[in-house]
Structures are given as C-alpha cells and as structure tokens.
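Every chain is numbered from 1, with letters handed out A, B, ... down the list of sequences. Keep in mind it's a predicted model, so treat the numbers as computed, not measured.
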Amino acid sequence: MEEIVYYNSEGHGDDKNAAQVNAFATSIHTQSHNYAFRQSSSYPHGSVITGTSAGDRVFVASRGKALINVYTWGKESPDQRIPIPEQLTSLTLCPNSPNVYNEEYDVENDSNFPKFRLPYLLVGGGLSGKIYVWELNSGLLLCVKEAHYQSVNVLKTTSDGSYLVSGGKDARVLIWKIIDLISFVKDDDKVIKPVQIISDNTLEITDIFINNSIHQDSKIYTVSRDSTIRVYETTNFQLISTFIVGQQVESIVVDSADRAIYLGLNNGNIRQINIYEPNPATNVLEAKGGYGKVITLSEDHQLTNTLTHHSPNPVTSLGLSLDGSLLVSGDSSGKITISDVLSKQIVKELKELNSKITNIEVFSTHKNALNQTIDKTSKAIPPFKRVISNKNPKEQDVVFQVGEDQEEQLFNIEEHLNRVSKESLYFQNLNGVNSEVVFANDQQSNNGSNSNDGELVQELQEKVTKLTKAYTDIRKLYEDLYSEHTNQ
Amino acid sequence: MSSPEIPLAVILSLLDNPEASTLSYILKSLYQSKHTITKASKSEINHLIAKTTNLLNSKNGLKRWYGSHVVQILAMNPIILTNGGTGFIVALLKIINEIGVPVINFTNAALGLDKLIQGIRGKPVLTREILTPNLPNIISSLIENLNKDLYTVLPILKKLLFKNTTTFKPFINKFETKLNSLLINNFHNVDESLKSDIVQSYAYLNLVKPSQNSNQGGQNVQSLPDDQWRLKIFKILDELRSTVLIYDNLVELKNDRDIQDLLNQLPENESNTKDYIFPFLQIDLTEPITVIQISQRIEVLSHLIIAFLTSPTPFALRIPLGLVIQSSILLLSISPNYIPFQKDVGRNDELKKIITNDLAKTQSHGSMILYEITKTYKKLVLPHLESILSSLEVVIPIKNEKGSKRVKINQDSCLAIEPELLLILKTTVELMKQFQGINDLDLINKLIDVSILFLQKRTPLDDLLEKQDQKQQQSQSQNKSQKKKTKNKDSTPLSDVLSHAELFELNAPKETVNIIQGFFEVVIKRIPNLTPNSRIKIVKYVISTATLEKSTRGLISDKLTRLLEAIVLYPSEGETYSILPIAKRLLSNNEVLSLLTNPRFPPLETKFKQSQIQEQVEEQEDEDEDEEIVDAEPQIIEEPKHLEVSDVIQEATKTKQVPISEQETKQSMVFKKNDEIKDKTVLTFASEQSKTESEEESANKTRSLEEKDDDEDTPSKRMKIISEGSKTVQIPENKIGEEEESDSDFEIPNIDIGSDEDEE
C-alpha cells in the first residue's frame, strides 16, 4: 500500500530552458517515489492524471500556450505536445465506465489492465468559455460548446461519467449530460443545451467537488469567491444547502464518507465543516443543512475547526488521503503540506514549487503496481483533432488494447485427478470378459485394401468397355433394322 | 517428526508397474509433496526421469497414458524441467506424430507438451536451452495433427501463436489453410468455445503475418505492426457487406435510404473478391433452405470481427471501431418488419417465412457484435448510441393495429425469435450500463413488453385449442350427430389438454429469466424517468415472482433480491409510493433494507477522542459529586449556568448582528461561542443520552404516554426537553447519578428538575 500525491503549479516567469519543474508526484508516507514533471505550468484545475502505475498518463493544459502536454507516468518531460484550438484553463477526464454491475452471466471477465489504456474523454475548458470534448482513444473532437461567458475555471465529471459540471469565471455553473455532448449528430438543428444552469452565485466559481456515491445520492459542491459553498443534488439539481463563510473560498474537498467539508480560504485558513453534528437541544446527531437551508458559519476564534498554517497565502488546492485523516493542501506561494485533520498538526511538508499550486490529487496504489517497470516506449495517444468531427461516425478509429487474461496461477489437482479417473476407464475391463481383440497390422491391411481397390477398378473398367461394346453393337443393329424398315 | 511426504522410492517402484488405479495416488503425491523432488538426490531424479521417459516410449497405450499424466505434473517442477525437459518433449512428440495413436494418448501427450511449455515459458535460460530448439518441431507436429483432437490442440496452438510469435512465423500459411477449412466447412457444427478458439487463432495469424502491402504505391511508408490486422478487418467488413448485398435479391434492400447510406459507408473493394475467405454462395430460390447459408456466413464473419476486436493483444492496435459499429447497425437494420420483399419472392409463402427467419438471425449477429464490442470498448460506443438504439428497436416484431395509435409487439413473432431478442436485450443492458439519462424510451418500453411476454408461462397448446374451437364451430354448422362423432374422435387424445391445460404449461427457461431480470435491474437503476406504466409492469412481476418463490421454495433468488432492493433504492421520478414494506416483509434479514430503515450516521472524527473526553468528564463528575454532597441541592449550581447561556445568545445576536432566522442556527451558534470543553462535553452527553434512550426506549414507550400529559402543562419547547429529562428519573438507580451529572453541564435539565419539583 502506498499513497501518492500529485501536485502541479502555475509556474512563474519565462521558462527559457524548459527546465522548470512545475509538478511533482511523491509518496505521502515515505521518502520514495519522487517524480518531477517539467514545463507543466497550468491554470488552476488545468492538469489531470489518470493514475500512478505504469502506462498511466498526465495531461497538462499548458499555461500561456494552446497546447496539451502529455506525460507518461515516470517521465520528466512531455511525450507529446498536442496543439489545440485555444488555451485551456481547466481539464477533466471522464473515466471509461467502472463496472457498476456484476452480472452473473458474464463473470468470466477477469482480464488484467492492458498496458495501453486511456480514460474515455478529455474535457477542456477554454479561456473564451468554450468547452472542448475529445475522445482520447481516437483523438476525435466530438464537441465544442460555447458554454460560459468568461473562462471556464473548473470542470468535473460525476463518478459514473454521466454528467459534466462546469464552473466559470462568469459565476455560473452548468451541468451537461455527457451523452448529449458526444453523440454523432445527423441533423444540424439539434442544439445541445446544458441540463441545468445554476446562477445562484454572484462571483466567480473557484472549485467544484462531486462525491462518488451512486447517481441518485451524488452531490455537487460548488465554492465561489462570493464566500458561499452550495450543495446541489444530482437527480434534479435542487439546491440542498448553502454555507456562508466570512472569506472568499478558493478550494474545496469533501471527505469520501461525506463526514466533513474542507475549505481552502483566501486568508490562508483551511476551514473544516462537520456535516454531522449533535443538535445541542436534543443531542441527537444531525446533518447540517438540507431543504435549501442557509447556514452562516461563525468566526472560529478557538480554531477548533481551522488550520492556519498557510496563512496569509490563499489555499488554492486541497486533497485527502485514502482514510480521510490526512489533508494535503497547497497555497499560492507554492507551499504544500500534509496535515492531520484531527490534531490539526502538520505531519509533513512536501517539496515546494515556488508558484501557486493548481492541482492536488491523491492516489492510493499497491506496491506491486508501483514496482512495474515503466515502459518508456509506450504508444503515443492519437493526436487530438482540431476540427469538430461529429458528423461522420465511420471516422471513429480508435487505438485500443484489450488486456490479457490473467494466467491461471494454481493448478487444480482435484479436477485433474477427476479427469484421470474418467480417462482410466478407457483402459479398464468392466465387462468381465477376458479377451483381447488383436488388430492385424493396420497399415498392411490398408495397403491391401488399396491394391484391392485397384483391382476392382480394373475389373469395372473392363466391364464398362464390354458393355459399351455390346451397346454399340445393339444400337447398330437397331439402326440397321430401322433404316431397312423405312426403306420399305 | 516424520513428514507426511511420500518417499520418492515408493513412487519409483510404482512407476515400474503402472496400473490405472495407482495413477491418482502418484499424481497427488508428486503434486503435493514438492519437497520430495527438490530434496532428492541427483541419481534419484535421473531415475525418475528415466522411468517416466520409458513409460512414454513404450508401445503400450496404458503406459503411455500413465507417463503423459506423470509428465503433466512433473512439468510444474523446475528441477525436473531442467534435467528432463528435452527428453520429455522428444518422447511426447513421438506419440503425437505416431499414426493411429489412440485419441486418449494423443490428447494427454499434447496436454503434457502444453504443461512443459507453460513451465518453461518466461524463464530465459530454460527457454533458450530447451524450448527454442524444439519449438518448430512441436508447432509443425501439432498443426499436422490438429484434426485428431481439435479441442485440445487448438488452444495450445493459439497460445503458442500468441506468445512465441517469431517461431511460429514459418508455419503460418499451413495453419491458415487448416483454419480456413474449419471456418468454411465445419464452423457450424462445433461448440462455442471451439468457435471462439478458431476465430481468435485466425485473428492472431494476422498479427504475426508480415503485412502484404506495406509498399503500396512505391512509397516507402513505414509499416506498422498492426497493418495486416487492420487490413484484414477491412477485408472482412467488405466481405460482410458483399454477403449482405445478397439479400438485395430477396428484399428491397437498396430502396431503403438508411440502408443505402450505411452500405455506402462500408469499404468497397469488389475487385478483390479473390481475397475473400469464402467461396461464392449458391442460393437456389426453388430450394428455400439454401437461403439460410447467408445468415450462417454472416455468423462466421461476425465471429471473426468480434475476435479481431476483442482478443487480447500484446500492443495497442488501431481499430476502425466506427466502421464496425456501422456494419453491425447495417445488419440490424435489415428488418423484415420494415423492408418489403422483392416482387418475385412475394408469392412463395414458404420462402418468405424462411427469409424472415433468416433476417432475424442476421440481425441477431449484428446485435452480438455490438454486445461484445460494448463489453470491451465500453463508452467508446456511446457516440453512436442514437443510431444503435433505433436499429435495435427495428428488430422487435410489431403489429400495427388499425385504429389504435400505440404500436404493439407481435407476440407470436416475438416468441418465434426468442434467442435473437434475448441477444438484443443483452446488448441493451450492456449499453445502459455505460451511462445515465437515456432520452429515447421507445426501445426500452418495447423490450419491457417483450420481457413480460417471455416471462409468462408457455403453453404449446394455444394454437391447438384455437384449432379445436374452429373445428367445433365448423362442426356445429354441420349435422349434430356428425358433430358428436368427430368431437369424440378428435378430443380423446386431447382430453388432458382440455381438462388439465395447466399441466402442459411450461415456465420460461432459466437463461431467459436470468437475462430479463438483469435487464430489469439495469432499467430500474439507470432510468429514473421510466414511464409509470412500464415501471408498474416490472414491479408487479418482481413482487409476484418473489412471493411465489418465497411460498414455494422458502427463499428468494439472488437476482430477484437485488431487483427488490433496486426498486426500493431507486424510486422513479415523482413516485409517491414505495414498496419498502413489501420488500422488507419478503426479504427478512436483508442488509441493505435494514440499513435503509435504520440509518446509521457515518462516524464523526470527534468520536475518536471520546475516551479522552470521557476521562475529562469523569473527573468533572467526581468534582460535581463532591459538590453535590456539599450542596445537597444541585439546582443552585446549575441555575446561574442557565442564565449564562441565555446571556451568550443575547450577546451573540447583539455583537455579531448576523441575521439568524432559524432556531437551529441559533443553537449551533451558541455552541460555537461556548468554550471548547463545553462543546466536547455536549458531545459525550449526546452519546450517553442516546445510549440510555435506546436501552430504555421500549421501557419508556408505555410511560411516555403518561408523561405526555405532564408535558402539556409545560408550554415552551424547552419544557418538552424537560420531560425527556424526567424520563431518566425512572432509570435504575445506579444510572440516575450519572445522568444527572452529565446533565449538570447543560442548562436545560436544571429547569426540568426544578420544574418537576415545582409541580410536586
């Protein structure tokens, strides 16, 4: 077991030698596994990572350039620089379907991950407010949508990859059905609209979090510079509750069991909101909020729910460890720390990046997966198309690898012995008659029959010639008779 | 201590005199006590190897069989592999190549080879020394004798082809001819596993084959490893297209614009028919049965396409997924429901029926491709969703009743093509799993109707009874006495049918039920906006079947349980009723439903500190107790605290001037303002209180009624809480102290004790 945190920064100044390290991936618990990524400066939420084992990739929307840099996990400089129509400010991935159901009739599917694997979609939000959707396996640009009036600050997909949520500088949150965005269209007049437009906020949206419950229970958390945290449900996108803090909110992360919300504030504090707290009157554990309630959080002078170690630099990015007890936080100065959420103490400080932290992602992996040799010659992903191609379904040409089946490891001796005893019947004499059929030498008899065949053929041929001869004789006789008859 | 391992000497002696009865024993000992061999001396091991080789080399069938089995087990041991690997391989090859060897010996020899190769594979030195020199021989003998036991040899060859690509290269053409003949002649009379082995081997061939046209047009294009693979897919698609075009002679294919569009999209390479796998088809319209060759050929081609697209490969390939999906959509759209027959076919009824049936088969092959692709490529299929769904829909036979707007499914035709429709169901399920929020529900509604139809009891007698009725009617018009006669004659063998019709009814096959229940589950989970009508159909089926199972077998099958849970957990939009009570009754002891009715809050982090806090509290309690002893009257201490809290509320509202609209925010604020310790004690109080409450809940239930009367005297909300405090009075004595103490930090109970006293 190992936990790896990937963090990326905005970068600073000119990167003349292309030597600036803007991102790191490092272990939370040990000193090992330090990977650096060069030239990976991005806007907030402008980089995504697919995982931390061999064959995984990091996508970074380059800041200041209309490029997406693709890194193979473990490599320092980008493998591919893919030109795109405009500068992207945010990126997100749509996974290729985690298996939700286990059907009884297709249990045989136990293949390993293939070496070459990609998530389904890469969604990018541009400076102009457009949203771009690429299918990674084919590189097709499936959709370009003018979504926001200003740049797209953050993009997130639901855990099942059915909905896309985008938050813009224009203070709006849009929710899209991914199936609408990616369909090949036959008629041009079909307009793709977001399923929901949320314009409750007054200032720009800085971060969005979607928890990973089933669709019916998922919640969308949005935070904004207007100091509010709003929680929406995903079935009909109703506002469930609103929290108001005294500070502009820069980032959010929510405990995976929905126990607490952590907010990165503009004044450098990290504020924890416990979602369940005992009601002081009844002493029963109650959920905070719900039914559209507005909850104003008071100043936490006692610092019972506040971490202050980033102050005064705004906390721009947050992440949580697997068990939810370690909070990884990065601020605008590039400082990144791991702190314990219970004791509110700093556990570890990670390598600083000297510029605003834009992304933090925490992965838990198994050592086996980590120790896999990193394939430096992995196949490049298909370059992204710059022209929208949703008219021609046959153009979809995917690069894909099917994972090899797992080798059967253990030999089932009982099953084998079963077969042995079944086969042994072949050699056993069960009828009690003690006799043996002795075959004459097979080959000889075969040869014999062959020669017999030859004789037979000859015989028949003779017969045929005989008969033909007889026939022609009779025929001749008949014709003679006939001509005689007609002559008369 | 003696170990339970069987000594090698015993095994060796048994090997001298092989008998079928001792084999199991030897195999098991060799397998289980691996240390026997590892620890054995060099000479013993050589002895073992020599004896086994002798067995293999003997002419006796039993001895050979015996030896092959021993080799299969020994091949798992590295020491034996190193010492005797080559010898074993040579001996086994001899058996394989022998003419007229019994199948049982051949099979086991092949399996022995497979085990040896498996043991050696991946180990560099062993491979170099033992496997590589022998591999060409192995491959050529196996290919040569492929037909002796297809089921054993083909998988072995497939593995070799996949893992030892380079060595296999010289034998590709030989292997291909063998596979070709299997594909053309014998594909329809082998079982599914062998079918998939055949097509997969065929696909791998094209991975190994050097690409043929890498230097097309004189340009020096860099050839990619998947060129040949890709080329072959295009060829198969082309062949598929040309096969589909045969239907144009039977139905008016080209008049359908959609199909024409689809046909135009597929690669066209008419000139190169010589590359086709299959020879020309001969179809004779005077012999309708020859028509089925078309769908049979399409089946083989579909299997090939699936193999090319879903076989594991050592590297990533470029797959023309869009084209393949378009092809399968083409297959699906050739629907007898919508495309009219050609004029000259129209008169021959028998031919028409066979064509209709054949078209349904062809459609199901299209659906099969989609099913397999969706399983492997998952969401990559989604961009095509719209056209896939609409083409799946045309497979379902419908009847257009005049007058009614609603299109109904044609039940008889549906039952006639049940397996094909089940494939459609499976494909739909696979697609539905990929996303949430389907827009077009036509297909789903139709499929639900079809499913309900399939789930009903089948009786082969419906038509029979109808006939009977007709006959009766006919005879009624005739003479009465005559009628009696005929009726008696006809109905004697059918008397059972008339009197006990239910005895002839059969339940739907298990596989059908399985697939349909899986379909229902996905529908319930993925489509919250399902039309109420369809949803009720599903719910009705689920509940009645669950009740049936419960009453006849006493337990409900896993799938049905999951369905019941799904219906409870995934209510449809705007649903006002829930089947929770029904489900709870049917599924006792169900974890999910139990959790739903008794929700547990996720644990808070603060609970982590509980032990500390409790210690603190206990200390406080001790102090309090002391104080109590001194003061005798607890109210005095607690009264000022109450004041304090109300002051705090006032202060908070004054100083902060935050608009506090609701009671609850006020309360939470109060606690924010209080110091930390107080906050924590509140927490501990909460847990203790809840504990005692749950313990005493049942006891209190009856009492609470009496208490309620008391409550009515107390006007404010705060007083209500007081009554809760009064509950604790009835708690056994040893607990009373604790309760009151923990209350003492808290303003409310004070009043309650006070007020109780006041009342008294």
Hey, could you give me the CZ/CG distance between Phe435(B) and Asp180(A), rounded to the nearest 0.5 Å? 10.0 Å

Which portion of Asn236(A) sits near chain B, non-hydrogen atoms under 4.5 angstrom: neither

Leu382(B), part contacting chain A, at a heavy-atom distance under 4.5 Å: both

Hey, what do you get for CD1 (Ile182(A)) to CG (Leu385(B)), rounding to the nearest 0.5 Å? 8.0 Å

Given Asn96(A) and Tyr377(B), is the side-chain contact (heavy atoms from CB on, under 4.5 Å) satisfied, shown in steps? CA-CA 8 Å; Asn96(A) 200 347; Tyr377(B) 291 80; over 6 Å; no

Intermediate values then yes/no, side-chain contact (heavy atoms from CB on, under 4.5 Å), Tyr120(A) and Lys378(B): CA-CA 9 Å; Tyr120(A) 175 46; Lys378(B) 304 204 171 94; over 6 Å; no

Partner residues of Leu303(A) under the side-chain contact (heavy atoms from CB on, under 4.5 Å) criterion, sequence neighbours left out: Thr306(A), Thr308(A)

Where do Val402(A) and Ser311(B) come nearest, in terms of heavy atoms and distance? CB-O, 3.5 Å

Taking every heavy atom of Pro320(B) against every heavy atom of Asp397(A), the minimum-distance pair comes out as CA-OD1, 3.1 Å

Flag the pair His215(A) / Lys525(B) as yes when at least one side-chain heavy-atom distance between them is below 4.5 Å, and no otherwise. no

Do you know which of Ser24(B), Pro571(B), Ala20(B) has the most heavy-atom pairs under 4.5 Å to chain A? Ser24(B)

What part of Glu19(B) gets within 4.5 angstrom of chain A, counting heavy atoms only: side chain, backbone, both, or neither? neither

Interchain contact, Asp261(B) with chain A, by part (heavy-atom threshold 4.5 Å): neither

Would you say the ring centroid of Phe315(B) lies under 6.0 angstrom from that of Phe116(A)? no

Contact check, side chains of Ile214(A) and Tyr570(B), non-hydrogen atoms, under 4.5 Å: yes

Nearest heavy-atom approach of Leu27(B) to Ile413(A) is O-CD1, 4.2 Å

Indicate the atoms forming the closest heavy-atom contact of Gln401(A) with Ala316(B), along with that distance. CB-CA, 3.8 Å

Under 4.5 Å to a heavy atom of chain A? For Ser327(B) that would be neither

Thr376(B) and Phe400(A): which non-hydrogen atoms are nearest, and at how many Å? O-CZ, 3.5 Å

Measuring from atom CD1 of Ile179(A) to atom CD1 of Ile438(B), what distance do you get when rounded to the nearest 0.5 angstrom? 8.5 Å

Are any of the side-chain heavy atoms of Tyr426(A) and Pro102(B) separated by less than 4.5 Å? yes

Which pair of heavy atoms, one from Gly437(B) and one from Lys177(A), lies closest together, and at what distance? O-NZ, 3.3 Å

If you count heavy-atom pairs within less than 4.5 Å of chain A, which of Glu573(B), His384(B), Arg318(B), Gln32(B) leads? His384(B)

Ile319(B) side chain reached by Asn137(A) side chain, heavy atoms, under 4.5 Å: no

Structural part of Gln326(B) lying under 4.5 Å from a heavy atom of chain A: side chain

Does the side chain of Glu423(A) come within less than 4.5 Å of His69(B)'s, by heavy atoms? yes

Going through the checks in order, is the side-chain contact (heavy atoms from CB on, under 4.5 Å) test met by Ile178(A) and Gln436(B)? CA-CA 9 Å; Ile178(A) 284 182; Gln436(B) 179 92 39; over 6 Å; no

Test salt bridge (charged side-chain N to carboxylate O under 4.0 Å, His left out) applied to Lys28(B) - qualifying residues, sequence neighbours left out: Glu414(A)

Run the side-chain contact (heavy atoms from CB on, under 4.5 Å) check on Leu317(B) and Val398(A) step by step: do they pass? CA-CA 8 Å; Leu317(B) 301 165; Val398(A) 300; over 6 Å; no

Side chain, backbone, both or neither: which part of Leu111(B) has a non-hydrogen atom closer than 4.5 Å to chain A? side chain

Any Pro528(B) side-chain heavy atom under 4.5 Å of Thr235(A) side chain: no

Nearest 0.5 Å, what's the CD1-OG distance between Ile104(B) and Ser424(A)? 8.0 Å

Considering only heavy atoms, which portion of Leu309(B) lies under 4.5 Å from any heavy atom of chain A: side chain, backbone, both, or neither? backbone

Max heavy-atom pair count under 4.5 Å with chain B, selected residue of His416(A), Gln396(A), Glu135(A): Gln396(A)

Please report the interatomic distance CG(Leu136(A)) to CG(Leu380(B)), rounded to the nearest 0.5 Å. 9.5 Å

May I ask you to decide whether Lys379(B) forms a salt bridge with Asp160(A), counting only side-chain N to carboxylate O separations under 4.0 Å? no

